[in-house]
Trainee: 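Please find one structure pasted underneath; my questions will follow.
Scope of the values below: all heavy atoms of this structure, side chains included, with no hydrogens, waters or symmetry mates.
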Amino acid sequence: SIKDLTEKQVAEEVNKDIAKILLKDGRTDFPYKVIGVRKWDRAIPQYNIGHMELTTSVLKEAAEKCPGLYLGGNYLTGVAFGDCVLWGVETAKQIEKDKVASPQ
């Protein structure tokens, strides 16, 4: 379990995961800098009840009142790094479509 790993071991595992997601070839021989390590003993942080309804409402209102504003982050897509990267890739595609549909 990750909670039994040292901070150095956690950083190494995170580096491997990031390399798999971003580099696809699994290379881990590049330098990296650890800013900090934080572990939750009990679980991944959980959203509060009503979180999805609130974010859906905010996103809908933002789309209506502020076209071209794209909100993102782990509060929307999940706390896993891969979820955030996937959101970025998918949103970049949507932004490109939106720009083609509404050139300025």
Trainee: Partners of Glu13 by side-chain contact (heavy atoms from CB on, under 4.5 Å), sequence neighbours excluded?
Mentor: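 Testing Glu13 for side-chain contact (heavy atoms from CB on, under 4.5 Å), a comparison that skips the adjacent residues, returns Leu5, Lys16.
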
Trainee: Does Glu64, at its CD atom, have more than 12 non-hydrogen atoms belonging to other residues, nucleotides or ligands within less than 6.0 Å?
Mentor: yes

Trainee: Tell me whether Val14 is reachable from Val85 by hopping between hydrophobic residues (I, L, V, M, F, W, Y) whose side-chain heavy atoms are closer than 4.5 Å.
Mentor: yes

Trainee: Is any side-chain heavy atom of Leu76 closer than 4.5 Å to one of Leu59?
Mentor: yes

Trainee: Atom CD of residue position Glu61 - does it have more than 12 heavy atoms of other residues, nucleotides or ligands inside 6.0 Å?
Mentor: no

Trainee: Using the ring pair (Phe, Tyr, Trp, His ring centres under 6.0 Å) criterion, which residues pair with Tyr47? Sequence neighbours excluded.
Mentor: His51

Trainee: Just checking Asp4: does its CG atom have more than 12 heavy atoms from other residues, nucleotides or ligands closer to it than 6.0 angstrom?
Mentor: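 Enclosed: over 12 neighbouring heavy atoms sit under 6.0 Å from CG of Asp4.
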
Trainee: With sequence neighbours left out, which residue pairs that include part of residues 76-88 fulfil the side chain to side chain donor-acceptor pair (under 3.5 Å) condition?
Mentor: Trp87-Thr91

Trainee: Please report the closest heavy-atom contact between Lys65 and Pro67, naming both atoms and the distance.
Mentor: C-CD, 3.6 Å

Trainee: Could you give the distance from NZ (Lys97) to CD (Gln94), rounded to the nearest 0.5 Å?
Mentor: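 Spacing of NZ (Lys97) from CD (Gln94) equals 5.5 Å.
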
Trainee: If I compare all heavy atoms of Cys84 with all of Gly73, which pair ends up nearest, and what's the gap?
Mentor: SG-C, 4.5 Å

Trainee: Are Val34 and Ile18 linked, directly or through other ILVMFWY residues, by side chains that come within less than 4.5 angstrom of each other?
Mentor: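 Yes, it is one cluster - the side chains of Val34 and Ile18 are joined through contacts under 4.5 Å.
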
Trainee: Atom CG of Asn48 and atom CE of Met52: how far apart are they, to the nearest 0.5 Å?
Mentor: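 Result: 13.0 Å between the selected atoms.
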
Trainee: Check whether more than 12 heavy atoms from other residues, nucleotides or ligands sit under 6.0 Å from atom CG of Leu69, and answer yes or no.
Mentor: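 Check passes, neighbour count above 12.
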
